[in-house]
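The next block holds one structure in the form of structure tokens; read it before the comments.
Given the structure is predicted, the values throughout are model-derived calculations rather than measurements. We count ligands from 1, going down the list as the structure has it; atoms in each ligand are counted the same way.
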Amino acid sequence: MQKILVLNGPNLNLLGTRQPEVYGTTTLKMVEDMCAAHGQSLGLQVSHLQSNHEGVLIDAIHAARGVHDGIVLNAGAFTHTSVALMDAIASAEVPVVEVHLSNIHAREAFRHHSYIAPVAIGQICGFGALGYKMALDALAVHLSEGDGS
Ligand code: DQA
């Protein structure tokens with residue numbers, strides 16, 4: 001069974017109560033349970049980590065090398081600031097799908113740039129919690145080396 005890490009960054013532990021008008025009312029636990037169930041239906045074993053600390057996220061990306069077959073990453077605000085996360089992904093040789101609950105391109109200008117996007121296989125944003133499922137679908141196709149058609 002292929003292994004996927006769902007990695008969530010800063011403030012995403014507050015999902016459900018944090019600015020629900022922007023991020024919805026789905027909690028992180030609900031997202032994690034949904035990913036586990038959806039992963040199972042795709043034949044993927046999903047594990048989870050959330051951290052508010054950049055170094056912990058970097059360590060998790062390093063540790064994924066040779067252990068996980070793919071990463072679904074919502075790096076939160078580090079998306080827009082972290083060259084270190086970008087470098088970690090570029091070094092890890094594990095395919096990453098970037099996810100955001102909100103449509104970062106329709107928000108403040110500082111959210112339009114992503115340091116993750118150039119090193120991810122793709123970016124999904126604006127679909128709320130559904131984006132995590134879409135990311136798992138995309139990884140499943142990517143890992144089966146098909147083009148989805
Ligand atoms: C986010 C978007 C980021 O700009 C923001 O800092 C977050 C959440 C999202 O999921 O929409 O923390 O990554």
Item to check | Residue Tyr23 vicinity, atoms of ligand 1 by number, heavy atom under 4.0 Å | outcome: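 This gives 5 (C), 7 (C), 8 (C), 9 (C), 11 (O) as the contact atoms.
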Next on the checklist: Out of all atoms in ligand 1, which are within 4.0 Å of some heavy atom of His80? Include the element for each.
Outcome noted: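 Numbered from 1, ligand 1 contributes 3 (C), 4 (O).
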Residue pair [X] / [Y], side-chain donor-acceptor N/O under 3.5 Å:
X      : Y     : result
Asp137 : His38 : yes
Asn11  : Tyr23 : no
Ser47  : His68 : yes

Checklist entry - Any side-chain heavy-atom pair from Ile121 and Glu98 closer than 4.5 angstrom? => result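 No, their side chains stay 4.5 Å or more apart.
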Strictly under 4.0 Å, does any heavy atom of [X] approach an atom of ligand 1?
X      : value
Asn74  : yes
Arg18  : yes
Ile104 : yes

Checklist entry - Would you say Gln50's side chain and Gly9's backbone share a donor-acceptor pair under 3.5 angstrom? => result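 Looks like yes, one N/O pair under 3.5 Å.
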Of the protein's non-hydrogen atoms, which lies at the shortest distance from [atom], and what is that distance?
atom                    : value
atom 11 (O) of ligand 1 : Ser102 OG, 2.6 Å
atom 1 (C) of ligand 1  : His100 ND1, 3.7 Å
atom 9 (C) of ligand 1  : Leu101 N, 3.4 Å
atom 5 (C) of ligand 1  : Arg111 NH1, 3.3 Å

Item to check | Salt bridge present between Asp33 and Lys29 (N-O < 4.0 angstrom) | outcome: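 Salt bridge: yes.
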Checklist entry - Hey, is CD on Gln19 packed in by over 12 heavy atoms from elsewhere, all under 6.0 Å? => result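 Yes.
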